[in-house]
Asks: 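Input: one structure, supplied below.
No experiment lies behind these values; they were computed from the predicted model shown. We're numbering straight along the sequence, starting at 1.
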Amino acid sequence: LVFGQVPGFVRVRPMDPRTFEATGTVKAVADPVERAANAGGIAFAASPSGVLVFAETGNDHELVWVTREGAVAPLNIDKAAYRQPRLSPGGGIIAVSVNNETRRPDLWLIDVERATRRRISTGAMMPAWMPDGQRLAHSGGGAALTLTAVESGAVETLTTREEARRLPAGTNGY
């Protein structure tokens, strides 16, 4: 089990996947880790293979891999104000929100093997990979929820901000 804890820690606890019973003690694996305002989410992601990526606090973050054994290896990517890193289903691409100098978030894709970074949306944040690894859902860009194709950049608005505001209480995730 990998979990975030306020004020900005990532912890792990061994568990039996069949019984969900704890099989060991809680260990800290990352500290300090960026978190959202008002005790919000901790900025990390874990892949099924056991690789962990996280953003440190501040505006000059370095993205790193952390193995199951706790070994830390920095990625060969320039530091930036990274927020909300999310690993692709295949584990080779990181979708991440990056604040610019005015703190406006843009959505970037980082190809880990090639050590390249490409902006795919402006004013966007909170990426979530679709299971096929070909599309990203995210907020921003004038819509409440948008789907962007990774290769072509084609954008589909799933829900506008106005539509989200008209949803009955409790149905829009707020």
Asks: Taking the side chain as every heavy atom from C-beta outward, state whether W108 and I120 have any pair of such atoms under 4.5 Å apart.
Replies: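 Side-chain contact under 4.5 Å: no.
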Asks: Just verifying a value: how many Å separate I94 CD1 and L109 CG, rounded to the nearest 0.5 Å?
Replies: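 Result: 10.0 Å between the selected atoms.
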Asks: To the nearest 0.5 angstrom, please state how far the CD1 atom of I110 sits from the OG1 atom of T116.
Replies: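 One finds 9.0 Å between CD1 of I110 and OG1 of T116.
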Asks: Provide the closest heavy-atom pair for L145 versus A137 in the form atom of the first, atom of the second, distance.
Replies: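 Of all heavy-atom pairs spanning L145 and A137, the closest is CD1-CB, 4.2 Å.
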Asks: Could you tell me whether the side chain of Q84 and the main chain of S97 form a donor-acceptor pair under 3.5 Å?
Replies: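 No, because the side chain of Q84 does not come within donor-acceptor range (under 3.5 Å) of the backbone of S97.
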Asks: So, does W129 use its side chain to make a donor-acceptor pair with the main chain of R86 at under 3.5 Å?
Replies: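 At least one qualifying donor-acceptor pair exists.
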Asks: Test of understanding: clusters of I, L, V, M, F, W, Y form through side-chain heavy atoms closer than 4.5 Å, transitively. Do V112 and L63 belong to the same one?
Replies: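 Same hydrophobic cluster.
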Asks: In a table with atom names and distances, give each donor-acceptor pair under 3.5 Å that connects a side chain of residues 19-32 to protein atoms at least two apart or in another chain.
Replies:
unit_1 : atom_1 : unit_2 : atom_2 : d
T19    : OG1    : E21    : N      : 3.2
T23    : OG1    : P14    : O      : 3.4

Asks: Just so I know, are the side chains of W65 and V72 near enough to count as touching, which here means a heavy-atom distance under 4.5 Å?
Replies: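 A side-chain contact is absent here, since even the closest heavy-atom pair is not under 4.5 Å.
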Asks: Give a yes or no on whether L136 and V96 share a hydrophobic cluster (residues Ile, Leu, Val, Met, Phe, Trp, Tyr; joining criterion: side-chain heavy atoms under 4.5 Å apart).
Replies: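 No, because L136 and V96 fall into different hydrophobic clusters, even though each may have its own neighbours under 4.5 Å.
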Asks: How many angstroms lie between atom CG of L75 and atom CG of D111, to the nearest 0.5 angstrom?
Replies: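 Taking CG in L75 and CG in D111, the distance rounds to 11.0 Å.
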Asks: In the single-linkage hydrophobic clustering (I, L, V, M, F, W, Y; side-chain heavy atoms under 4.5 Å), do M126 and L147 co-cluster?
Replies: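 Looking at the clustering, L147 is in a separate group from M126.
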Asks: Looking at every non-hydrogen atom in both residues, tell me the closest pair between V10 and V33 and how far apart they are.
Replies: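 Heavy atoms of V10 and V33 come nearest at CG2-CG2, 3.8 Å.
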Asks: What distance do T148 atom OG1 and M130 atom CE have between them, rounded to the nearest 0.5 Å?
Replies: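 The OG1 atom of T148 sits 10.5 Å away from the CE atom of M130.
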Asks: Any side-chain heavy atom of I42 within less than 4.5 Å of one from F9?
Replies: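 With C-beta onward as the side chain, the pair stays apart.
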Asks: If two hydrophobic side chains count as joined below 4.5 Å and joins carry through other members, does L107 share a cluster with I77?
Replies: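 Each belongs to a different hydrophobic cluster.
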Asks: Taking the side chain as C-beta and beyond, is there a heavy-atom pair between V12 and F3 under 4.5 Å?
Replies: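 Not touching, per the 4.5 Å side-chain cut-off.
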Asks: Is S121 reaching over with its side chain to a backbone N or O of A124, donor-acceptor style, under 3.5 angstrom?
Replies: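 Between the backbone of A124 and the side chain of S121 there is no qualifying donor-acceptor contact (under 3.5 Å).
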Asks: If hydrophobic clusters are built from ILVMFWY residues whose side chains come within less than 4.5 Å, do V66 and V2 share one?
Replies: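 Yes: a chain of side-chain contacts under 4.5 Å links V66 to V2.
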Asks: Which atom pair, heavy atoms only, marks the closest approach of Q134 to D132?
Replies: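 Q134 and D132 have their closest heavy atoms at N-OD1, 2.8 Å.
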Asks: Quick check for you: to the nearest 0.5 Å, what is the distance between M125 atom CE and H138 atom NE2?
Replies: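 Between atom CE of M125 and atom NE2 of H138 there are 11.5 Å.
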Asks: Kindly compute the distance separating CG (N76) from CZ (R114), expressed to the nearest 0.5 Å.
Replies: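 It comes to 14.5 Å.
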Asks: Is the number of heavy atoms from other residues, nucleotides or ligands under 6.0 Å of D16 CG greater than 12?
Replies: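 More than 12 within 6.0 Å, yes.
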Asks: Where do R118 and V150 come nearest, in terms of heavy atoms and distance?
Replies: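 Result for this residue pair: NH2-O, 2.9 Å.
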Asks: Which atoms form the tightest heavy-atom contact between P85 and A45, and what is the distance?
Replies: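 Result for this residue pair: O-CB, 3.3 Å.
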Asks: Looking only at heavy atoms, what is the nearest atom pair of G123 and D106, with distance?
Replies: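 Scanning both residues completely, I find the closest heavy atoms to be N-OD1, 2.9 Å.
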